[in-house]
Every structure is written in structure tokens, then in C-alpha cells.
Amino acid sequence: MRNAEIADAFAELADLYELDGAIVHRVLAYRNAATAIRSSGRSVAELAQAGRAEELPGVGKTIAEKIVDLLDTGEVPAAKRLKEKFPAGLVEITRLPGFGPKRARKLYDELGIASLDELRRAAETHVLRAVPGFGRKAEENVLAALEAADNGQGGRRALLPEALGIGEEIVAALREVPGSDRVEIAGSARRRAETCKDVDIVASAADPAALVDALSSLRVIAEVGTSGEAGARALTHSGMTVELRIVSPSSFGNLLQHLTGSGRHNELVRTEAVRRGLHVSEYGVSDDAAGTTHACATEEEIYALVGMSYIEPELREGRGELEAARGGTLPQLVRVEELRGDLHCHTVASDGRNTIEQMAAAALARGYEYLAITDHSATHGFGNHVSPDELRRQIERVREVDAQVEGLTLLAGSEVNVLPDGSLDYDDALLAELDWIVASLHTSFRMGERELTARMIHAMEHPLVDLIGHPTGRLIERREPYALAFERIVEAAVRTGTLLEINANPDRRDLNEHNARLAAESGAMLLIDSDAHGVNTLANIRYGVDTARRAWLTREHVANTRSWPELDALRKRSRAQASATTRPC
DNA sequence: GCCGTTTTCGGCCCGACTGTTTTCAGTCG
């Protein structure tokens with residue numbers, strides 16, 4: 001059973017306990033456990049079966065036992081009992097905006113409402129307002145929320161580039177407004193999460209009204225809802241909510257920290273503060289003993305007050321960053337400027353939009369020292385495969401351009417398909433002519449875990465495969481990862497010296513932050529690539545760096561922070577040669 | 001239900017908003 005499935009089961013159990021009236025802290029304990037399970041890079045099923053689930057933060061004896069029950073029987077016994085007690089539609093009602101377990105439960109007890117349809121009817125016929133605590137407005141809100149849900153609105157999460165694009169445009173415009181002081185993106189976009197529900201912007205300004213005016217006149221903004229001195233809430237034409245909050249410069253740091261989150265991170269910071277007799281809020285850090293409140297212009301001041309070094313936004317997820325910040329062991333996160341080359345991109349030879357020359361020029365303009373041209377291979381369908389003869393000609397063209405271009409090492413590579421049996425779709429003699437080989441899966445995803453894992457490991461054992469491209473095959477919000485035993489893949493990567501890619505395409509970001517962190521901790525070497533299909537998408541590399549940073553990676557973990565000769569020396573074909581030449585006779 | 005440089009028991013972040021009620025519970029981020 002996958003981590004996501006186990007996490008879903010415990011998140012659902014939390015919902016059910018909440019409906020059942022359990023104390024909030026117990027419910028929270030289940031939610032926290034679900035989050036820890038979801039973000040574990042290791043297989044929680046394997047961990048639990050080995051009796052080691054309690055190693056996960058927030059998982060104690062009880063939940064560890066329940067994980068084993070779930071694995072053994074396919075269901076947590078407590079969840080089974082509660083599902084018999086509460087109809088499935090009740091949980092759906094708790095997810096409606098404005099509804100939680102208390103209000104859903106009240107309608108169930110008073111009116112027997114157990115589904116969204118029944119709720120709609122009760123609102124339409126004004127039966128709802130007979131229940132204490134519900135009135136005219138509640139009925140209107142129910143109907144509006146149900147309509148929004150029917151239209152597929154509500155709950156849509158944008159990929160990071162969409163949210164960042166909106167946020168960066170707004171920030172740039174607001175910084176130009178006379179009297180504006182500081183303007184920053186906050187929220188999940190600042191943490192560089194894979195998806196964002198809305199765009200949060202924090203500002204300080206001498207004239208807040210001018211900022212709100214400027215926001216409402218921006219091209220991206222369709223309408224401004226509520227607005228005032230403290231900020232505004234607006235909607236973009238694409239349907240994203242933008243939240244602008246304005247404070248005095250003296251507490252800019254407090255609001256920025258508060259709105260950057262994550263919720264879990266803030267909760268942990270505040271718990272740590274309470275232990276020191278302090279209370280952290282969006283307005284300042286108050287001191288019980290002194291009876292004073294310290295407003296913080298910068299986030300650094302807040303973290304210093306609670307005894308920690310500054311924590312980069314990408315790490316603020318409640319995954320051990322507080323302990324590291326207390327102990328002074330936070331990683332020096334890899335930066336996009338540290339990448340010296342890109343080793344996965346496409347040209348018109350397969351499905352790219354630009355020529356080798358154009359890609360080389362664009363790589364030079366980015367300041368790269370090297371670029372590998374890795375078009376798709378012989379069996380890549382979609383009418384853009386590269387036959388063995390075409391690959392030979394492509395290698396020649398790469399060599400010619402390499403000779404012409406100053407300051408860039410151009411590598412002749414290929415993104416080779418891993419066939420269902422784990423073999424590659426060019427013969428070894430041709431592969432040996434290439435400087436760089438990415439092996440990826442593009443077909444036959446629906447194999448069982450055992451077969452698919454063996455298939456990928458077989459490819460990794462090929463002496464010429466340098467890198468596994470987009471190793472889990474997931475597409476964010478669209479396609480689940482392949483059924484891989486990821487820890488086996490990491491073991492094989494370490495054993496064979498095969499690099500694992502963080503594919504920076506923002507639809508992929510594959511490896512994800514959890515897998516990348518596990519791989520690095522296990523001693524595997526990672527590499528960040530754009531997988532660009534044109535000159536414009538080389539810049540996508542930033543999203544791969546975002547994932548790497550969220551995975552706690554330093555430049556040491558990322559192979560392409562090295563020069564090409566250094567990287568060349570550490571890959572497995574060089575190591576094999578080295579061990580062959582130093583072997584005693 | 002989890003957890004411990006206060007604790008193996010007794011805590012567990014903080015504040016705004018909403019709709020309802022008349023002082024606040026529930027929801028949200």
C-alpha cells in the first residue's frame with residue numbers, strides 16, 4: 001500500500017472522529033500523522049510491517065498499530081465502525097466552505113441531512129433556518145457553495161508557475177507605487193510548493209489606499225472584493241484569489257512570516273515560543289513576563305527571539321527544520337546560480353521546437369558551461385522518434401556545433417526509452433558513441449510494482465546509463481507515479497552509481513521533494529534538468545531547484561553544480577574505468 | 001493521540017471573520 005493511500009485513510013479517520021465529537025487534539029494527532037505519512041520518502045507500509053512506524057514524527061503506539069491493521073485487513077477497524085455510524089455524504093458536507101464537523105453534525109442530528117442533495121433541498125425550501133445557529137444567510141451560502149462546486153470551481157489548485165507569474169507581476173507593479181515600502185510574495189508560492197490555492201502578497205506602505213487602488217487597476221485583476229486600509233482580496237481573470245495584506249514597516253516581518261506559513265510550521269514555531277514564555281502572532285512577539293510586544297521588521301528577528309537561525313521559506317513545512325534551526329544544522333540550500341549545465345533537453349530532431357545551435361546559444365546566454373542534447377530515441381512514438389541512422393547524423397551535428405561554439409561544452413546525448421524488459425532501444429555499440437545517456441520510461445507504465453521496479457533497476461545496471469529521467473513518471477494533479485518500490489531504486493542508484501534526475505518541468509517536478517530528500521540522505525547523487533523542449537523552457541530549471549531546496553539539498557547533492565570534467569569523473573563509466581585500470585594483476 | 005532541557009500527565013498556536021445572537025461558537029488560514 002502506498003504512503004498516499006495510508007495517509008488518505010488516516011485523514012479520513014480524523015474527519016470521522018471529528019464528526020463523532022472527539023476532542024480536537026486527538027483529531028489533530030491523526031491529521032498530523034497523515035501528513036507525516038504522506039511526506040515520508042520511505043515506504044510506510046514496509047516501515048510498519050517491520051514494527052518501526054513510530055519512527056515517523058507524530059506516529060505513536062496507537063497509530064502504528066492502526067497502520068498494521070490497515071495493511072492486514074484493508075481497513076482501520078475504528079474507521080469501519082464510524083463509517084457505519086455516519087453516511088458518506090456527511091463527510092462531503094464538512095468539506096463545504098463554511099461547514100465543519102460541528103455544523104454538519106448538527107444538521108444530521110436535527111434534520112437527518114446526510115448528503116449534499118439533501119442539504120440543497122433543505123436550503124431551497126428554507127427548512128434550514130429552523131435549526132438554531134442557521135439563518136437566511138446560511139441558506140444562501142449553502143446554495144452558492146453547491147453551485148460553485150457544480151461548476152468545478154472551488155478547490156482548484158494552480159501549478160506554481162501560474163501562481164508565481166501572477167504574484168511576481170503584482171509585486172513588480174506595487175513596488176512602483178509611490179510610497180510603497182516593501183512588497184513580497186508570501187504563502188505557498190513563496191515556499192515554492194508544487195501547487196497553490198491562492199496568491200498571498202504582503203506589503204508595507206505610507207499610503208495603503210494607493211496600493212489597493214494600484215492592485216485593482218492591474219491587467220491580471222478581474223475584480224476586487226473586500227478592501228480597506230489593511231489590504232484587499234481580489235480575483236484574477238484566471239480565477240485565482242489574490243490576498244494583499246498591508247502593515248506598518250515595523251511589523252512587516254511578523255506578517256510576512258505569518259502568511260508564508262506553512263500552517264504546520266507556524267504551529268510548531270508558536271509552540272516553541274510558548275515554551276519560552278513568548279507568543280508569536282502576525283502582529284509581533286509578546287513576552288508574558290515583561291508584558292511587552294516586540295514588533296519585528298524582519299523574519300530573522302522572529303526566529304532569533306525563539307532561539308533559532310533564519311529558516312528559508314522552502315523548508316517551512318514542519319519536517320524537522322525547527323530542530324535543525326535550533327541546533328545550527330540547517331543545510332546551505334542549493335541555488336539556481338550554482339548550476340553549471342543542463343543535461344536533458346530536446347531539439348527539432350525529436351519533439352523540440354529549436355535547433356541544436358539555438359539551444360546552445362540559449363544555454364550560453366544562461367551562463368552554462370555545458371549542455372547535453374538528449375532527443376527521444378528510436379521507439380518514442382508520437383511520430384518524433386530518432387532512428388539509429390538519424391542519431392548518428394545528430395551526433396555529427398552536435399560535434400560540429402560544439403566545435404563552433406566558444407565557452408560551451410556541447411554533449412551528444414539521448415533520452416533513451418527503457419523497454420518493458422528493462423533493455424534500451426539502441427544497441428550498445430551506438431550508445432557507446434554518445435557522451436551522455438538519460439534513460440526514461442515512456443511506455444507500458446501499468447506494470448506491477450515488482451516488474452516495474454525490476455525493469456528500472458535493469459536499466460540502471462546498464463554500464464552506459466548515466467541518469468534516470470523523471471524517475472517516478474508522475475504528472476502533478478494529473479497522473480499518479482508509477483508503481484515503483486522507490487527505496488529499491490535508491491539502493492540501485494547508490495550501488496550502480498546511476499544519477500537520479502529532478503526533472504524541473506513544473507508539471508513533473510520528478511523526483512518530488514520527498515523522494516529527492518530520501519535519495520540524497522541515502523547517498524544517491526541527484527541532478528537537476530530542465531527537460532526543455534525549446535529555448536524558452538531552459539529557464540524551467542528554477543522549479544527543479546525549488547524542489548531540490550524543499551528536499552533540503554545542498555550543492556554537494558546536485559551533480560550539475562560541478563564543472564563538466566568533475567561531473568564526468570564521478571559518473572559510473574569513469575568509475576568503472578578507474579577500477580579496471582587500478583585492479584591488481 | 002502524541003510528547004517531554006518544566007512534565008510519563010497535562011498540556012497541545014493565534015487571531016480574524018461570519019452569522020448569529022445579545023456574548024460567542026464555529027470555521028478558516
Side-chain angles (χ1 to χ4, degrees), chain A residues 10 13-14 16-37 53-67 76 78 93-107 128-142 144-145 154-155 186-188 191 196-200 202 225-226 228 230-231 233 241 243 245 247 251 254-255 257-286 288 293 302 306-307 316 318 322-323 326-327:
Chain A
F10 282 93
L13 184 55
L16 290 165
Y17 272 132
E18 202 169 29
L19 273 173
D20 202 32
I23 61 159
V24 288
H25 301 110
R26 188 158 159 247
V27 173
L28 196 64
Y30 280 100
R31 296 237 160 90
N32 286 339
T35 304
I37 291 165
E54 287 179 63
E55 290 175 19
L56 295 166
V59 174
K61 190 164 174 288
T62 307
I63 294 182
E65 283 170 4
K66 285 183 166 150
I67 296 174
V76 181
I93 293 175
T94 67
R95 304 229 168 90
L96 228 47
F99 273 87
K102 294 275 167 41
R103 285 166 70 77
R105 180 69 195 272
K106 190 161 196 180
L107 293 184
L128 218 53
R129 63 180 68 173
V131 180
F134 291 80
R136 180 183 56 81
K137 193 74 185 158
E139 290 176 350
E140 288 172 16
N141 289 345
V142 161
S188 49
R191 300 197 314 275
C196 304
K197 191 164 73 67
D198 53 20
V199 179
D200 294 304
V202 177
T226 55
R233 173 177 291 190
T241 301
E243 190 92 42
R245 293 278 299 269
V247 279
S251 52
N254 296 112
L255 190 61
Q257 195 278 333
H258 170 72
L259 283 181
T260 297
S262 65
R264 181 68 183 147
H265 172 85
N266 286 355
E267 200 180 319
L268 292 168
V269 168
R270 289 163 180 189
T271 303
E272 176 62 26
V274 168
R275 210 170 283 152
R276 294 161 178 265
L278 304 171
H279 300 278
V280 173
S281 80
E282 60 200 280
Y283 301 105
V285 181
S286 64
D288 281 343
T293 297
I302 302 168
V306 294
R316 300 183 197 170
L322 269 64
E323 293 79 356
R326 271 200 299 271

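Here is the naming used below: chain letters follow the sequence lines, and residue numbers restart at 1 for every chain. Bear in mind the structure is a predicted one, so any value in this text is a computation, not a measurement.
With sequence neighbours excluded, the residues that form a side chain to side chain contact (heavy atoms under 4.5 Å, CB included) with A/Ala36 are A/Pro57. Partners of A/Asn254 according to the side chain to side chain contact (heavy atoms under 4.5 Å, CB included) rule, which considers only residues two or more places apart in sequence or in another chain, are A/Ser251, A/Val285, A/Ala295, A/Cys296, A/Ile302. The side chain to side chain contact (heavy atoms under 4.5 Å, CB included) test applied to A/Glu282 returns A/Arg245, A/Leu255, A/His258, not counting sequence neighbours.
Nucleotides B/dC9 and B/dG15, compared at atom C1', are 29 Å apart to the nearest Å. B/dG26 sits 14 Å from B/dT21 when the P atoms are compared, rounded to a whole Å. The same atom, P, is picked in B/dT7 and in B/dC12; the two are 16 Å apart, to the nearest Å. Using C1' as the reference atom, B/dC13 and B/dT20 are 26 Å apart when rounded to the nearest Å. Rounded to whole Å, the separation between the C1' atoms of B/dT18 and B/dG11 comes to 30 Å. When the C1' atom is used for both B/dG4 and B/dC14, the distance is 23 Å, rounded to whole Å. Here, B/dC17 and B/dT22 have their P atoms 23 Å apart, quoted to the whole Å. Atom name P, nucleotides B/dT23 and B/dA16: the rounded distance is 22 Å, in whole Å.
Side-chain atoms of A/Ile67 and A/Ile37, non-hydrogen and from C-beta on, do get closer than 4.5 Å to each other. The shortest side-chain heavy-atom distance between A/His265 and A/Leu322 falls under the 4.5 Å cut-off.
Between the CZ atom of A/Arg31 and the P atom of B/dC2 there is a distance of 15 Å, given to the nearest Å. The interatomic distance linking A/Glu65 (CD) with B/dG1 (C1') rounds to 12 Å, in whole Å. Rounded to a whole Å, the CZ atom of A/Arg245 is 8 Å from the C1' atom of B/dA16. The CG atom of A/Leu259 sits 12 Å away from the P atom of B/dG29 (whole-angstrom rounding). Atom P of nucleotide B/dC2 and atom CG of A/Leu13 are separated by 11 Å, given to the nearest angstrom. The CG-C1' distance, from A/Leu56 to B/dG1, rounds to 15 Å in whole Å.
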(message) Counting primed atoms plus P, OP1 and OP2 as sugar-phosphate and everything else as base, spell out the protein contacts along nucleotides 9-14 of chain B at 4.0 Å heavy-atom distance: B, S or - for each nucleotide, 5' to 3'.
(response) ---BBB
(message) For nucleotides 19-28 of chain B, give me one character per nucleotide, 5' to 3': B if any protein heavy atom sits under 4.0 Å from the base, S if the only such contacts are to the sugar-phosphate, - if neither.
(response) SS-----SSS
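The nearest pair of heavy atoms linking A/Val27 to A/Ala14 is CG1-O, 3.6 Å. The two residues A/Leu13 and A/Lys66 come nearest to each other via the heavy atoms CD2-CD, 4.3 Å. Of all heavy-atom pairs between A/Phe10 and A/Ile63, the closest is CE2-CG2, 4.0 Å.
Nucleotides of DNA chain B nearest to A/Gly58 and A/Asp200 differ in position, and the one nearer the 5' end is that of A/Gly58.
Contact between the side-chain N/O atoms of A/Lys61 and the OP1/OP2 oxygens of B/dC3 is not found at any separation under 4.0 Å. Remark: A/Tyr283 is in phosphate contact with B/dA16, judged by side-chain N or O atoms under 4.0 Å from OP1 or OP2.
When both pairing distances are held under 3.5 Å, B/dT8 makes no Watson-Crick or G-U pair with any nucleotide shown.
Tested against A/Leu268 for a side chain to side chain contact (heavy atoms under 4.5 Å, CB included), the candidates A/Arg270, A/Glu272, A/Arg264 yield a single pass: A/Arg264.
Among the protein residues, A/Val27 comes within range of no part of the nucleic acid, since none of its heavy atoms lies under 4.0 Å from any strand. If you check every strand for non-hydrogen atoms under 4.0 Å, A/Lys106 touches nothing.
Within the structure, salt bridge (charged side-chain N to carboxylate O under 4.0 Å, His left out) contacts touching residues 20-34 of chain A (residues at least two apart or in different chains) are A/Asp15-A/Arg31, A/Glu18-A/Arg31, A/Asp20-A/Lys85.
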